[in-house]
Amino acid sequence: MSVELAYRGDIAVITLNRPEAMNALNAGMIDRIGSLIDEAAAASPRALLFTGAGGKAFCAGADIKEMLERSKGEHRAAARAGQCTFAKLDSLPFPSLAVIQGVALGGGLELAMACTFRIAVAGARFGLPEIKLGLIPGYGGTQRLPLLIGKARALEMIASGRLVDTEEAARLGLVHRVVDAGEPVELGIRFLDGLGVRFPAALSFARTAVDKALTVSLEDGLKLEADLFTAATQTTDAGEGMHAFLEKRKPAFTGR
Ligand code: CO8
């Protein structure tokens, strides 16, 4: 199978496994990623980690050969299918992490940008090079890249199609951390362990609120924050977190 789901303890791991084509995403892989996200979510993991097999590429983007064979209507449907799959990833109630070893290009970077966190293994390179094919990003890149690094920088990356290295990616805020070479899943688990054993349910509220910050008015954003804050107070984890503080112990969050 060119996309696989496995578990490392309470962490779900989805591996893009098509190294002979730099893990390029065809329509079947997009469908399968969507099904595997659902399957993983049903198991309520601590986190969902994405990685690419082969060491050279996290993912080199959408399958260019397959794109050439599509009609106009099929292109739109294919773009929407990928966008829906990545939106599902973006709205999971637990964190997701892309461990990027090698290149993350086009649809591959768009997949990584839909994750909560991105870490780069030394030597990784990033880009939205669609312009060099006479195209633009179609799996959310024109929308998520400006949200992550700002409009001017995003337009420059998309217009030039140039690749950025790990140092620049970290400076731009495209990745959260750069780590030394190693086995990607191990590196990802180490990063997640450093963040805490399990995130409280409030993480998904924080993500929703922060996502809206750049797209709605300040007034509407503040109302949303108050609503989500209230929702967070009603979770089991909020009771646990506040009691643990007063009892001078570490909280045992369950993600609920
Ligand atoms: N699609 C299909 N095949 C690919 C892709 C791809 N995106 N990338 C690499 N491959 C294949 C190559 O054709 C080659 O196959 P073969 O051995 O049969 O010739 C094999 O992988 C190895 O690639 P290279 O020989 O080129 O390896 P290099 O180490 O020289 O270069 C690179 C690696 C830099 C990754 C290079 O392959 C490259 O530039 N790839 C294309 C990157 C790119 O342009 N990505 C953007 C694609 S478009 C996109 O992602 C749009 C997303 C939205 C789509 C919405 C609707 C579907």
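Ligands are counted one by one from 1 in listed order, and the atoms in each one are counted from 1 as well. Heads up: numbering here begins at 1 and tracks the sequence.
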Test your reading of the model: is there a side-chain donor-acceptor pair from Asn23 to the backbone of Ala60, 3.5 Å cut-off? no
Provide, to 0.1 Å, the distance between atom 7 (N) of ligand 1 and the closest protein heavy atom, together with that atom's residue and name. Ala62 O, 2.9 Å
Arg46 (side chain) donor-acceptor with Asp10 (main chain) under 3.5 angstrom: no
If we ignore angles and hydrogens, is there a donor and acceptor under 3.5 Å between the side chains of Glu4 and Asn17? yes
Please report which non-hydrogen protein atom sits nearest to atom 21 (O) of ligand 1, along with the residue it belongs to and the distance in Å to one decimal place. Ala21 CA, 3.3 Å
Is there a donor-acceptor contact under 3.5 Å linking the side chains of Ser96 and Thr116? yes
Heavy-atom protein neighbour under 4.0 angstrom from atom 25 (O) of ligand 1: no
Does atom 10 (N) of ligand 1 have a protein non-hydrogen atom under 4.0 Å from it? yes
In sequence, state the C-alpha distance, the side-chain angles, and the governing distance for Glu240 and Arg249, and then conclude on salt bridge (charged side-chain N to carboxylate O under 4.0 Å, His left out). CA-CA 10 Å; Glu240 166 63 9; Arg249 61 174 173 82; 2.7 Å; yes
Please list the nearest protein heavy atom to atom 53 (C) of ligand 1 with its residue and the distance rounded to 0.1 Å. Gly138 N, 3.4 Å
Sub-4.0 Å heavy-atom approach of Ala79 to ligand 1: yes
Using 0.5 Å steps for rounding, measure from the CG atom of Leu224 to the OG1 atom of Thr208. 7.5 Å
Specify whether the nearest protein heavy atom to atom 19 (O) of ligand 1 is under 4.0 angstrom away. no
Which of the numbered atoms in ligand 1 are under 4.0 angstrom from any heavy atom belonging to Arg70? 57 (C)
Would Gly107 count as being in polar contact with ligand 1, using the rule that some N or O on each side must be under 3.5 angstrom apart? yes
Give the numbers and elements of all ligand 1 atoms closer than 4.0 Å to a heavy atom of Met67. 48 (S)
In the protein, which heavy atom is nearest to atom 51 (C) of ligand 1, and how far is it? Glu130 OE2, 3.3 Å
Any carboxylate oxygen within less than 4.0 angstrom of a Lys/Arg side-chain nitrogen, looking at Glu156 and Lys151? no
If you have a sec, work out which protein heavy atom is nearest atom 55 (C) of ligand 1 and how many Å separate them, to one decimal? Tyr139 CE2, 3.5 Å
Ring centres under 6.0 angstrom apart (Phe253, Phe199): no
For Leu133, the ligand 1 atoms whose distance to one of its heavy atoms is below 4.0 Å: 44 (O), 47 (C), 48 (S)
Hey, are Glu168 and Arg162 close enough for a salt bridge, meaning a charged N less than 4.0 Å from a carboxylate O? yes
Spacing of Leu48 atom CG and Cys115 atom SG [to the nearest 0.5 Å]: 7.0 Å
Which residue holds the protein heavy atom closest to atom 13 (O) of ligand 1, what is that atom called, and what is the gap in Å? Lys65 NZ, 4.2 Å
Atom pair CD/CD1 of Glu39 and Ile14 - distance to nearest 0.5 Å: 8.5 Å
Within a distance under 4.0 Å of any heavy atom of Ala24, pick out the atoms of ligand 1 and give their elements. 1 (N), 2 (C), 5 (C), 6 (C), 7 (N)
With a cutoff of 4.0 Å, is Glu20 in contact with ligand 1, counting heavy atoms of the residue only? yes
Hey, is atom 57 (C) of ligand 1 under 4.0 Å from any protein heavy atom? yes
Rounded to the nearest 0.5 Å, what separation is found between the CZ atom of Arg177 and the CG atom of Leu97? 10.0 Å
shortest atom 37 (O) of ligand 1-to-protein heavy-atom contact is with Met22 CG, 4.4 Å
Number the atoms of ligand 1 from 1 as they appear, then name those within less than 4.0 Å of a heavy atom of Gly61, with their elements. 50 (O)
Please work out, at 4.0 Å between heavy atoms, whether the side chain, the backbone, both, or neither of Lys56 comes within that distance of ligand 1. neither
For Glu110, is the nearest heavy atom under 4.0 Å from an atom of ligand 1? yes
Only heavy atoms of Gly106, strictly under 4.0 Å: list the atoms of ligand 1 that pass. 50 (O)
Got the closest protein heavy atom to atom 39 (O) of ligand 1, with its distance? Leu105 CD1, 4.4 Å
What is the distance from atom NZ of Lys212 to atom NZ of Lys223, rounded to the nearest 0.5 Å? 15.0 Å
Side chain or backbone of Ala60 under 4.0 Å from ligand 1, or both, or neither, by non-hydrogen atoms? both
Using a 4.0 Å heavy-atom cut-off, say whether Leu135 meets ligand 1 through its side chain, its backbone, both or neither. neither
Derivation of the salt bridge (charged side-chain N to carboxylate O under 4.0 Å, His left out) call for Glu66 and Arg70: CA-CA 7 Å; Glu66 192 183 62; Arg70 290 194 177 118; 2.7 Å; yes
If you define the side chain from C-beta out and look only at heavy atoms, does anything of Ile30 sit under 4.5 Å from Phe86? yes
Nearest-0.5 Å distance that lies between atom OH in Tyr139 and atom CZ in Arg144: 13.0 Å
Under 4.0 angstrom from atom 30 (O) of ligand 1, is there any protein heavy atom? no
Close N or O approach (Ile64, ligand 1; < 3.5 Å): yes
